Amino acid sequence: MANKHAGRDSQDVTLQVRQVSQALKSVYLDSGLIDSSDLAGKSGEDLEKRMLSRALTAQAVRIVTGFSPPEAALTVIDGIADKGIDAIAVVEGPDPHVYLVQAKWSKDGKAKGEREAVWELLAGLRLIDDEDFAAFNPRGRQLAEYAKAVMAKGPTKVTQVVVLMRADEVSEGFRHALVDGEKEFNHHGDVLDHRIILAPEVWASVREDLAPRPVQLTADLFPWFAVSVPYESYQGIVEAAQVAQWLEYGANLFSLNIRNPLGRTPINNELIGTLTEEPDNFWYFNNGVTVLCESVERTHQAIRNPQARPITLTLHNASVVNGAQTVRSVAEAVAADENAADAQVGIRIIVTGKAVEFAKRTTQATNRQNRVEPRDFIALDPVQAGILEEMRAELGLEYSVRRSELDPTEDTGCSVVEAACALACAHPDGQYAARMATNLDVLWERGSQGIYEQLFRPQPSAYLLWNSVQILREVRRTLHTLRPRYEGRGAALTEHGLYLLAHLVFRRLDTESIDEPDPNQGWATAAVAEVPGLVKELLPAVAEAIDELYGERSQIRAVCADVARSREVADHVMRLLVGAEGLPSADKYRRASPQRKARRPNAVHVLVDKRVLDEGAPLVLTTAYPVEAEALKDWLAQDEKRGRATWTNHRTKPILWTADGKQYSPSGLITRMWELAEWEKRPVANQGTARWVTETGETLADLAWRVLGELEEPDEDETTASASA
């Protein structure tokens, strides 16, 4: 048992060191907060160790003082002539305090607690107490003088802070060195003490930094009424101007909601129109907002008859669980027109305390009045919150769960939809790739037979998830490149066989290390490089296998979406790969020579007529065209809304641009964006549908082609009947 615990503890500290290292680099080193001017001669691992040690020092200062990262970084004096002190942090005020920090970084989580280091720290304190500041380096001298000035004003507590990147407790000898050293300074009262900070506490502090900050809202209600049991609650009217202020919390405001605001939609445009053009009618036309909070503070403006006057409520740990679209629309309207600020918004506030299950039930119930996707309810699953935390802590990436216009761009993270698709393809059992081939809603089915439980129970590691996403993306990109080179059943396979082919790619790759911690992304880089070759090899092999097993009249889409047949195809191909005969050399559906393709119907018309995308579905501008990406880069960076839009089922102007709330055709919007960015060498025309990407990673053009293929390809029964006739 002892050995098992030792192994587990070792794994824990390895994870902690890895995540702390990522956080320290992101917060202090990449931003240039930590001074490295005296380390010009250092390089490689030696330089990294010194810089991480200084960043660790700053983080320890944050833990004991509450300073911001820039403030904490300014306290670091580590270097030549630091006199055994890595940081001097001074807290003034009614309860002044001086902290002397010494840090030891270890990439293995085995930092040593050395008594000699304690003696150096005490020697540095003696210099400060004796006002011998000249012995310190320039920054140390300045901070030592500051510390002494505060200490001289009266009784000031001084704490030796030792932060060690290790999980094991320090030795008794190390503690005795600290305690014995304190006796010298405590003859005339308890002035000096110590605090030891180990890896778990540092890890907890960086995880806390990544966690959303608690939301505290102020709501002035009038008229209003209250209900006291079984849960304290309030209902009334607030002014739009106050609701607009709530949005300063961003996505945290909707932390308990099953979805974020969906961005601009025609319905939201109507809300904004009412707010700006007839604000007096808004309360009558809108269902209002429901807010859950953990606790509330009340301020009455009348004692004898409180309901005759407004009540001010301060809501702690608040979340808008219904009415996210209303809040977003109110904020946009108030920003655009001051008349909207006086509009009245209905509000219901429920104080749930610690009743987590009741809060979840309330969230679900209040959202049933609007159209809610099966995916929306997984936002309440703690596993998804855990993945979000791990993605940030391990890889510095974003992970979006709730439906929102703010799904991460490719280089900054992924959505739960893309993650689920990738995990389904990576699963050893090919049934999940087949089951989602025609409808992604099956991904969110719960229960013993549901796909969701298989993909997310137990919680997948951030590395497994992100590596899988990158492989699926590369398979999709490769198929997009290959599609024009194939015709007939080969072309159909490029459109309908994405998930089957991705599943086979995963089976061909060496995935032994796919979920191993790898902050430098070595596995993913090597694996992604293999994908194009594997897809080119597998595409004709899968087409040949389908023909051989089910005949050349079988429907490609049906085979890829059928669990039994897609499994049989996959197993057949894998047997050929390991067998002596190998894969077939023929590629009979490859185009012999370039031919003019028949003109396809308008992509927008296909998507609108078949209602492929939901109203308000988020879209993100793709940067797949290097010249265009470079030309628009600075302009897009000025406002993230410029690269985002939402879909509306309109045959001529289906793209509702988040930046201005107006509707455009896909190509018309791209042309408008080129003009606004003042791109002088912009082309005369563009394919707008190839530039807007859905949350599954497909462009509008890709999506339309796939749907069109499903329409054009006859059913097996029809082809059989035709052959019989």
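Remember, predicted model here, so these are calculated numbers, not experimental data.
Judged purely by distance below 3.5 Å, without hydrogens or angles, the side chains of Tyr399 and Glu389 never pair a donor atom with an acceptor atom.
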Side-chain donor-acceptor contacts of residues 517-533 below 3.5 Å, not counting sequence neighbours, with atom names and distances?
residue, atom, partner, partner atom, Å
Asp518, OD1, Gln521, N, 3.4
Asp518, OD1, Gly522, N, 3.4
Asp518, OD2, Gly522, N, 2.7
Asp518, OD2, Trp523, N, 2.9
Gln521, OE1, Trp466, NE1, 3.3
Gln521, OE1, Gln470, NE2, 2.6
Trp523, NE1, Asp510, O, 3.0
Thr525, OG1, Gln521, O, 2.8

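Although no hydrogens or angles enter the test, the distance criterion places a donor-acceptor pair under 3.5 Å between the side chain of Arg166 and the main chain of Glu169. The closest donor-acceptor contact from the side chain of Asp82 to the backbone of Gly84 lies under 3.5 Å. Checked by atom type and distance alone, the side chain of Arg642 never pairs as donor or acceptor with a backbone atom of Ala637 at under 3.5 Å. Formation of a donor-acceptor pair under 3.5 Å by the Asp129 side chain with backbone atoms of Leu125 is not found in this model. Using a distance-only test at 3.5 Å, with no hydrogens or angles considered, a donor-acceptor pair links the side chain of Asp86 to the main chain of Ala103. At distances below 3.5 Å, not a single donor-acceptor pair connects side-chain atoms of Asp78 with backbone N or O atoms of Ile85. Looking at Gln19, its side chain never comes within 3.5 Å of a backbone N or O of Gln16 through a donor-acceptor pair. Using modelled atom types, one side-chain atom of Thr481 and one backbone atom of Arg477 make a donor-acceptor pair closer than 3.5 Å. A side-chain donor-acceptor contact under 3.5 Å links Thr478 to the backbone of Glu474.
Between Tyr99 and His97, the ring centre distance stays below 6.0 Å.
Here the side chains of Ile514 and Ser468 are in contact, with some heavy-atom distance below 4.5 Å. In this structure the side chain of Val693 never reaches within 4.5 angstrom of the side chain of Glu698, judged on heavy atoms. For the pair Leu455/Pro460, no side-chain contact is recorded, criterion being any heavy-atom separation below 4.5 Å from C-beta on.
Rounding to the nearest 0.5 angstrom, the gap separating the CG atom in Leu121 from the NZ atom in Lys83 is 13.5 Å.
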